[in-house]
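Data block below; observations after.
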Amino acid sequence: MSQKVKSFSDIEKLVFEKVKSNRIYRAALVAPSDVQTLEAVVLAKDHGIIEPFFIGDEKLLIEKATKYDIDIDGIEVLDINEPKLALETALKMGELGEIDFIIKGKIETRQFLDFLYSDELNFSPKKSASHVAVYKIDSYPKPLFLTDSFVNTQLDLKKKMMLIQNAVKFAAKLSVNNPKTAILGAVEVVYPQMAATVDAAVLSKMNERRQIKNCQLDGPLSLDIALDSYAAEAKGITDSAVAGDADILVAPDIETANGVYKAMSTFAQAEIGGVIVGGIVPITINADCDSIENRYNSILLAILAVS
Amino acid sequence: MIEKIESADQLIEKAIEIAKVGRKKKIAVAAAQDPDVIDAVAQAVSQGFIDAILVGDKKLIESYASEKSAELSTMEIYDEQDPIKAAHIAVKLASEYQADAIMKGFLPTSALLKTVLDKRYNLRGKNTLSHCAVLDIPGYHKLLNFTDGGMVVAPDAEQKFQIIENALLVSKSFGMSPVKVALSGPYMTPDANNPHTVYDKEVIVPRVQKELKDVHIEANISFDLATVGNSSLKKKYNSELIGDTDIFVSNSIEECNIVAKSLIQSIGTVFAGVIVGAKVPVSLVSRSDTVKNKKAAIAISCLLADYYQTNHIWSDDRCLKK
């Protein structure tokens, strides 16, 4: 399929095709008592794209499923109360190829990440994992990739290179090749006192010299200029391949990407989802305010992320 | 009288109310030869919520005004072609109580602010200057005062405190009491790998609670919980701020700038900015702002100036004008 992906229903079609030509994917929901995530998982199962597997507190799971009338019949449960152990078990199964990806359930994100990066779990020994979100808003003609809303803090140039590579690789799985990649800033010129603008300029040069490959990259770009060609023109940015037509948005820090993710998921009512890529297995993470549909979207993205 | 201002429309209504009770504000525009600025100022004048003094290249001002069909007859014009000199004249007017607020025209922001901070004019407050982006987000039940996406690049603990103190003035001028302040953090708990999430909670929150009045502040609140969260999330996190934040304090200039733009670009959020920290409000509008944004920005300057004057905020008694 080489057609352009324009919405999550196109993304869902890609998933259906992938399932059809390969197999149904095995997903472990860790700490499964989160009601909305549970509903999304059951939805994905009903659509025949995943075979779910629960790892967590079985008693609590049954309580919630009964209370909210969610049909979990026939889904296997591994009763492990301790969340870290549950996650460890899921990762081990991932390493052994027994599951394809992990869905985060009812564990605080910060704690979940601390577990992931603990020595025992060793999810990403080279620290080369990052979160990529995909969202579609009415005012922009194509889906946007946004990184990193949840995982990496204290971004230096090296980490930003890793985020870009992961996002570019993931975009290819949604048939977005040679993506236009915007390194975001508050302004579109380089100021020595604004580190984000200096990094963006360096990354642009690295792309020009083919040190960062498989994408067209430009920055610093402010968000309006990345997404709106009129705004770009008004600011005199006329020679950028990326301005006004970005596919990937690389935020300068986790707070920015996190805030955009949440603003889009809530007020903008975007179709949105996201997945951690670059680790042992893909892992979905969702925000408190994400709807069931958006949690389902994350599952779709995780299936596409599975190699 | 409007007690609490919760939308962009109410900003303008309130500014009109203030004018009607005899406290109409006068705005000095520095280097006013800017068609969009002239247009916005003329509209605010004709709606009756400001008087204006245009300082700048008179010829250009008049030609832009006729281009925009803007009515200049009730405005004073000081002819000064040089933008920097014009900035000095506008700032001096404010310094001599002839103007209540300053507005940027056709000159670099940095040049105007340098003039505002010039000690000769005695307009410096004790804090750093910071920018408040006041957002009227469709779907949010009140205005969100998002700061700082325009001035302080990466605030340290002291600057963040001053940014909060500045932003409180703006939200108080909207009638908010107590003002609910959220310090942004991607997770709801401090993260040792991300220093600000720790010092926000351990240094800034206690200091604000101790030194500033009529404020409810919490650290490590993410954007969705600050603005949307429902009652079950309120319970889960045991926080007063869930879904009801007045001021959202970002951790970097990029965070505020980019998140605000994402809301402006996607769903037509009304945006109005003001620079706070000097003894008079400084208002900036940009070309990309809609007319509504620009008028709302001017209205904020009026409200803030009125709040300063009626509450005797500055010790040299700037409230006793003229």
Side-chain angles (χ1 to χ4, degrees), chain A residues 108-114 117 135 137-140 144 146 148-154 184-187 191 193-197 220-228 230-231 234-235 249 251-270 287-290, chain B residues 131 135 137-140 144 146 148-151 153-154 183-197 220 222-230 232-233 236-237 242-243 248-269 286-288:
Chain A
E108 284 304 303
T109 303
R110 185 60 254 158
Q111 196 180 34
F112 186 81
L113 293 170
D114 286 343
Y117 282 92
Y135 70 94
I137 44 176
D138 292 339
S139 58
Y140 198 66
L144 282 159
L146 169 70
D148 177 333
S149 302
F150 290 104
V151 176
N152 289 281
T153 55
Q154 306 300 101
L184 296 180
V187 290
Y191 290 125
Q193 70 272 27
M194 285 175 101
T197 67
L221 293 174
S222 58
L223 186 77
D224 50 337
I225 286 174
L227 302 185
D228 178 352
Y230 292 107
K235 280 267 169 92
L249 303 174
D253 52 43
I254 191 168
E255 287 81 5
T256 302
N258 192 273
V260 172
Y261 182 102
K262 287 165 175 177
M264 293 301 98
S265 170
T266 54
F267 294 113
Q269 299 181 333
D288 277 311
C289 290
D290 278 331
Chain B
H131 185 263
L135 304 180
I137 307 168
Y140 193 45
L144 185 69
F146 201 172
D148 174 346
M151 294 290 303
V153 175
L183 305 183
S184 166
Y187 319 113
M188 297 301 283
T189 47
D191 168 15
N193 299 314
N194 194 357
H196 84 89
T197 63
N220 295 308
S222 64
F223 188 81
D224 56 341
L225 295 169
T227 51
V228 176
N230 52 27
S232 80
L233 287 167
K236 176 178 170 188
Y237 292 110
I242 304 293
F248 193 71
V249 184
S250 77
N251 192 55
S252 65
I253 194 168
E254 286 87 8
E255 179 191 352
C256 178
N257 185 287
I258 294 168
V259 176
K261 279 178 179 159
S262 78
L263 287 162
I264 295 164
Q265 190 264 351
S266 63
I267 45 164
T269 292
S286 73
R287 269 181 77 180
S288 56

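Sequence lines set the chain letters: A, B, ... in the order given, protein chains first and strands last, and positions in each chain run from 1.
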Heavy-atom cut-off 4.5 Å, strictly under: side chain, backbone, both or neither for [X] against chain B?
| X | answer |
| --- | --- |
| A/Leu184 | both |
| A/Thr256 | both |
| A/Ala268 | both |
| A/Tyr230 | neither |
| A/Leu113 | side chain |
| A/Asp228 | neither |

Residue [X] versus chain A: region with a heavy atom under 4.5 Å:
| X | answer |
| --- | --- |
| B/Phe248 | neither |
| B/Ile258 | both |
| B/Tyr237 | side chain |
| B/Thr269 | neither |
| B/Asn194 | both |
| B/Asp224 | both |

Taking it one step at a time, do A/Phe112 and B/Tyr187 satisfy side chain to side chain contact (heavy atoms under 4.5 Å, CB included)? CA-CA 11 Å; A/Phe112 186 81; B/Tyr187 319 113; over 6 Å; no

Do [X] and [Y] have side-chain heavy atoms sitting under 4.5 Å apart?
| X | Y | result |
| --- | --- | --- |
| A/Met194 | B/Ile253 | yes |
| B/Ser250 | A/Glu255 | no |
| B/Ser262 | A/Leu227 | no |
| B/Pro186 | A/Arg110 | no |
| A/Asp288 | B/Ser222 | no |

Quick one: closest heavy-atom pair of B/Asn257 and A/Gly185, and the distance?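 Taking every non-hydrogen atom into account, OD1-O, 4.3 Å.
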
Closest non-hydrogen atom pair between B/Glu254 and A/Ala186, with its separation: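 That would be CG-N, 3.8 Å.
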
Measuring from [X]:[atom1] to [Y]:[atom2], what's the distance to the nearest 0.5 Å?
| X | Y | atom1 | atom2 | value |
| --- | --- | --- | --- | --- |
| B/Ile267 | A/Asp138 | CD1 | CG | 11.0 Å |
| A/Ser265 | B/Phe223 | OG | CZ | 11.5 Å |
| A/Phe267 | B/Leu263 | CZ | CG | 7.0 Å |
| A/Gln154 | B/His196 | CD | NE2 | 8.0 Å |
| A/Ile254 | B/Asn193 | CD1 | CG | 10.0 Å |

What residue, out of B/Asn251, B/Asp191, B/Ile137, B/Thr227, has the most heavy-atom pairs lying under 4.5 Å from chain A?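 Heavy-atom pairs under 4.5 Å are most numerous for B/Asp191.
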
Partner chain A: residue of B/Ile264, B/Leu225, B/Thr197 with the largest heavy-atom pair count (under 4.5 Å):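 Going by pairs under 4.5 Å, I would pick B/Leu225.
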
Under 3.5 Å side-chain donor-acceptor pair for B/Ser252 and A/Asp253: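 Yes, a side-chain donor-acceptor pair sits under 3.5 Å.
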
